[in-house]
Student: 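Starting off with a structure, shown below.
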Amino acid sequence: MSEYTFKPEILIIDDDSEICETLEVILNGLGYFVRYFTNPSQGLEYFERERNPIIFLDIHMPSFSGLDLLPKIKSIDEKTQVLMITGERDIQSFVSSLYHRATDFILK
């Protein structure tokens, strides 16, 4: 008898489609369903409807900073686990992410 295990949908918001697609392949391989957006506004709108429990959120995007989106996400659902991702080694971004209750900080 097999046991059904529910795995949550993971939301990725990153302006780099290659990063989104790479994360999608990795997370799909782990059994997760992934939805990604390269447009931060669309990603936030999707989150407002779906309330994803896990989000990978890029810090540096042209139209929005992930640091601007993080408090909005947490105000909608404070239990959402937000993993901030960036290619920059900026300690201030790390501190700001943690201040706004990011779960973790991942370097690309």
Side-chain angles (χ1 to χ4, degrees):
M1 184 170 156
S2 66
E3 182 178 319
Y4 175 76
T5 304
F6 173 76
K7 293 202 178 184
E9 178 183 71
I10 296 175
L11 176 61
I12 301 168
I13 303 173
D14 191 318
D15 62 311
D16 185 337
S17 61
E18 289 182 14
I19 294 292
C20 291
E21 291 166 4
T22 300
L23 284 171
E24 180 180 37
V25 168
I26 292 167
L27 295 168
N28 280 339
L30 295 171
Y32 292 94
F33 179 76
V34 175
R35 173 78 63 178
Y36 70 81
F37 292 88
T38 56
N39 179 310
S41 296
Q42 291 174 345
L44 184 59
E45 287 174 20
Y46 184 82
F47 173 71
E48 288 172 337
R49 288 190 312 272
E50 299 298 323
R51 307 287 170 103
N52 308 79
I54 302 170
I55 299 176
F56 284 79
L57 178 60
D58 187 18
I59 289 179
H60 300 289
M61 296 179 279
S63 56
F64 273 101
S65 164
L67 293 173
D68 294 331
L69 287 180
L70 178 59
K72 293 176 183 180
I73 290 167
K74 286 298 195 170
S75 72
I76 294 166
D77 188 344
E78 66 182 28
K79 294 179 280 185
T80 297
Q81 303 298 302
V82 182
L83 301 151
M84 304 300 288
I85 55 178
T86 186
E88 306 290 323
R89 294 183 182 270
D90 176 13
I91 192 68
Q92 186 57 44
S93 294
F94 177 74
V95 171
S96 294
S97 296
L98 295 179
Y99 176 79
H100 290 290
R101 300 175 302 171
T103 303
D104 209 342
F105 188 86
I106 301 168
L107 289 173
K108 295 182 189 178

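Keep in mind the model is a prediction, meaning the values are calculated, not measured. What you see below is based on every heavy atom in this structure, not just the backbone, and it leaves out hydrogens, waters and symmetry mates.
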Student: NZ of Lys79 to CZ of Arg51: how many Å apart, nearest 0.5 Å?
Tutor: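 Taking NZ in Lys79 and CZ in Arg51, the distance rounds to 10.0 Å.
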Student: Determine whether Val34 and Asn28 make a side-chain contact, defined as any pair of heavy atoms from C-beta on separated by less than 4.5 Å.
Tutor: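 Counting from C-beta outward, Val34 and Asn28 do come under 4.5 Å.
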Student: Once ring pair (Phe, Tyr, Trp, His ring centres under 6.0 Å) is applied, what residue pairs with a partner in residues 55-81 remain, sequence neighbours excluded?
Tutor: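 Residue pairs with at least one partner in residues 55-81: there are none.
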Student: In terms of hydrophobic clustering (I, L, V, M, F, W, Y; side-chain heavy atoms under 4.5 Å; direct or indirect links), are Leu44 and Ile12 co-clustered?
Tutor: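 No, because Leu44 and Ile12 fall into different hydrophobic clusters, even though each may have its own neighbours under 4.5 Å.
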Student: Do the side chains of Leu30 and Ile10 join up, straight or via other hydrophobic residues, at under 4.5 Å, putting them in one cluster?
Tutor: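 Yes, one cluster joins them.
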Student: Name the one of Thr38, Ile13, Asp14 that satisfies side-chain contact (heavy atoms from CB on, under 4.5 Å) with Asp58?
Tutor: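 Only match with Asp58 under side-chain contact (heavy atoms from CB on, under 4.5 Å): Asp14.
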Student: Considering only residues two or more places apart or on different chains, which pairs with a residue in residues 35-54 satisfy ring pair (Phe, Tyr, Trp, His ring centres under 6.0 Å)?
Tutor: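 Of all non-adjacent pairs touching residues 35-54, those that pass ring pair (Phe, Tyr, Trp, His ring centres under 6.0 Å) are Phe37-Tyr46.
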Student: Kindly compute the distance separating CG (Leu69) from CE (Met61), expressed to the nearest 0.5 Å.
Tutor: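 The distance works out to 5.0 Å.
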Student: Could you measure the distance from the CD1 atom of Ile19 to the CD atom of Glu24? Nearest 0.5 Å is fine.
Tutor: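 Taking CD1 in Ile19 and CD in Glu24, the distance rounds to 13.0 Å.
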Student: To the nearest 0.5 Å, what is the distance between CD1 on Ile106 and CE on Met84?
Tutor: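 Separation between the atoms: 10.5 Å.
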Student: Taking the side chain as everything from C-beta on, heavy atoms only, tell me whether Ser97 gets closer than 4.5 Å to Ile59.
Tutor: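 Of all side-chain heavy-atom pairs linking Ile59 with Ser97, at least one is under 4.5 Å.
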Student: Between CD1 of Ile54 and OG1 of Thr103, what distance do you get to the nearest 0.5 Å?
Tutor: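 Here the interatomic distance stands at 9.0 Å.
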Student: Between Tyr32 and Leu11, is there shared hydrophobic-cluster membership here, with clusters defined by ILVMFWY side-chain heavy atoms closer than 4.5 Å?
Tutor: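 No, because Tyr32 and Leu11 fall into different hydrophobic clusters, even though each may have its own neighbours under 4.5 Å.
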Student: Please say which of Ile73, Leu83, Ile85 ends up in a side-chain contact (heavy atoms from CB on, under 4.5 Å) with Leu57.
Tutor: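 Among the candidates, only Ile73 passes.
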Student: So, taking the atom named NZ in Lys74 and the one named CD in Gln81, what distance separates them when rounded to the nearest 0.5 Å?
Tutor: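 Those atoms lie 5.5 Å apart.
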Student: Could I get the full list of salt bridge (Lys or Arg N to Asp or Glu O under 4.0 Å) partners for Lys72, not counting sequence neighbours?
Tutor: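 Lys72 satisfies salt bridge (Lys or Arg N to Asp or Glu O under 4.0 Å) with no other residue.
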Student: For residues Pro62 and Asp15, report the shortest heavy-atom separation together with the two atoms involved.
Tutor: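 Between these two residues, the closest heavy atoms are CD-OD2, 3.2 Å.
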Student: Less than 4.0 angstrom from a charged side-chain N to a carboxylate O is my criterion; do Asp16 and Lys108 meet it?
Tutor: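 Looking at Asp16 and Lys108, the cut-off is not met.
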